[in-house]
Amino acid sequence: MPNTYHQIYIHGVFAVKNRNARIQPEWKPKLMAVVGNLINETGSTNIIVNGVEDHAHCLFGLKPSVSISDVMKIAKSKSSKWLNESNLLQHHYEWQSGFGAFSYSHSQIDLLYKYILNQERHHQHQSFREEYIELLTRFNINFDENYIFHDMI
């Protein structure tokens, strides 16, 4: 749409389903690149994708004509399909249903970028569960702790 100007930054977070299939260091960079490319294919702009063995974080500029749910659905489903077809795993790979999505202002992007870039170091001190609950709490999102990880063991 001509004369439409926007600046919408989204931090998406999603986990590996049931923790059965873990993201392995030898193929993690390729998986994160696939997720980033899929975000770009929606017309949104990938800034960074990174994660650790049980979850991923992505930061992207959202195209205003595309919903966050559509971006996440495409990134998660097609990256799972890519991984399952790549024969890197001996078992089926899936992401957990659902995701976290948090909006940030332009002034926060550099700090968030560094946070996502340094996930391995960050998770030496904090579990994914603790991190996720902290994000939900910081953004004043109501949740029931019994259900946020309902399809995880």
Worksheet entry | side chain to side chain contact (heavy atoms under 4.5 Å, CB included) evaluation trace for L31 with W82 | CA-CA 8 Å; L31 175 62; W82 171 83; 4.1 Å; yes
Discussion item. Show, in sequence, the C-alpha distance, side-chain angles and deciding distance for H55 and Q96, and conclude whether the side chain to side chain donor-acceptor pair (under 3.5 Å) test is met.
Written reply: CA-CA 9 Å; H55 71 284; Q96 174 189 3; over 6 Å; no
Worksheet item: Which is it for I133 and F128 under the side chain to side chain contact (heavy atoms under 4.5 Å, CB included) test, yes or no, and what are the steps along the way?
Response: CA-CA 8 Å; I133 290 172; F128 173 53; over 6 Å; no
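Salt bridge status for E145 with R129: present, with a side-chain N to carboxylate O gap under 4.0 Å.
Put simply, CD1 on I48 and CD1 on I39 are 11.0 Å apart, with the number rounded to the nearest 0.5 Å. For the atom pair CE (M32) and SG (C58), the distance works out to 9.5 Å, reported to the nearest 0.5 Å. Atom NE2 of H91 sits about 10.0 Å away from atom CZ of R22, to the nearest 0.5 Å. The CD atom of Q24 lies 10.0 Å from the CG atom of L88; values are rounded to the nearest 0.5 Å.
Contact check for L89 versus W27: side-chain heavy atoms found under the 4.5 Å cut-off. Considering only heavy atoms from C-beta on, D54 stays 4.5 Å or farther from I23 through its side chain. Side-chain atoms of T42 and L38, non-hydrogen and from C-beta on, never get closer than 4.5 Å to each other. The closest side-chain heavy-atom distance from W95 to S79 is below 4.5 Å. Side-chain contact between I10 and L59 is absent, with no heavy-atom pair separated by less than 4.5 Å. Residues I8 and F60 fail the side-chain proximity criterion, which asks for heavy atoms closer than 4.5 Å. By the 4.5 Å heavy-atom criterion applied to side chains, V13 and Y132 are counted as neighbours. With a 4.5 Å cut-off on side-chain heavy atoms, I47 and Y9 count as touching.
Linking ILVMFWY residues whenever their side-chain heavy atoms come closer than 4.5 Å, directly or via other members, leaves V52 and L83 in distinct clusters. In this structure, L62 is a member of the same hydrophobic cluster as V49, with clusters built from ILVMFWY side-chain heavy atoms closer than 4.5 Å.
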Which atom pairs, donor and acceptor, lie under 3.5 Å between side-chain atoms of residues 64-73 and protein residues at least two apart or in another chain?
| residue | atom | partner | partner atom | Å |
| --- | --- | --- | --- | --- |
| S67 | OG | D70 | N | 3.0 |
| S67 | OG | D70 | OD2 | 3.3 |

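For the pair S44 and K63, the tightest heavy-atom approach, listed with the atom from each and the gap, is OG-N, 3.1 Å. Closest of all the heavy-atom pairs between P29 and P25 is CD-O, 3.4 Å. Of all heavy-atom pairs spanning N118 and N50, the tightest one is N-ND2, 4.5 Å.
Side-chain contact check for T137 and E134: no donor-acceptor pair (N or O, by modelled atom type) lies under 3.5 Å.
Sorted by first then second residue, the salt bridge (Lys or Arg N to Asp or Glu O under 4.0 Å) pairs that include residues 98-110, not counting sequence neighbours, are D110-K114. Applying the salt bridge (Lys or Arg N to Asp or Glu O under 4.0 Å) test to every pair with at least one member in residues 24-49, sequence neighbours left out, gives these pairs: K28-E120.
Every side chain to side chain contact (heavy atoms under 4.5 Å, CB included) that D144 has, sequence neighbours left out, goes to N146, Y147. With sequence neighbours left out, R121 forms a salt bridge (charged side-chain N to carboxylate O under 4.0 Å, His left out) with no residue at all. Looking at residues two or more places apart in sequence or on another chain, you find a ring pair (Phe, Tyr, Trp, His ring centres under 6.0 Å) between Y115 and H57, H122.
At distances below 3.5 Å, not a single donor-acceptor pair connects side-chain atoms of S80 with backbone N or O atoms of E94. Side-chain atoms of K76 come within 3.5 Å of backbone N or O of G98 as a donor-acceptor pair. At least one donor-acceptor pair under 3.5 Å links the side chain of E130 to the backbone N or O of S127. Between the side chain of N84 and the backbone N or O of H92 there is no donor-acceptor pair closer than 3.5 Å. In this structure, the side chain of N46 does not engage the main chain of N40 through any donor-acceptor pair within 3.5 Å.
The one candidate from H123, Q126, H125 that meets the side chain to side chain donor-acceptor pair (under 3.5 Å) condition with E131 is H123.
Between F139 and F102, the ring planes are tilted. Angles from 30° to 60° get that label.
Other residues, nucleotides and ligands contribute over 12 non-hydrogen atoms within 6.0 Å of the NE2 atom of H6.
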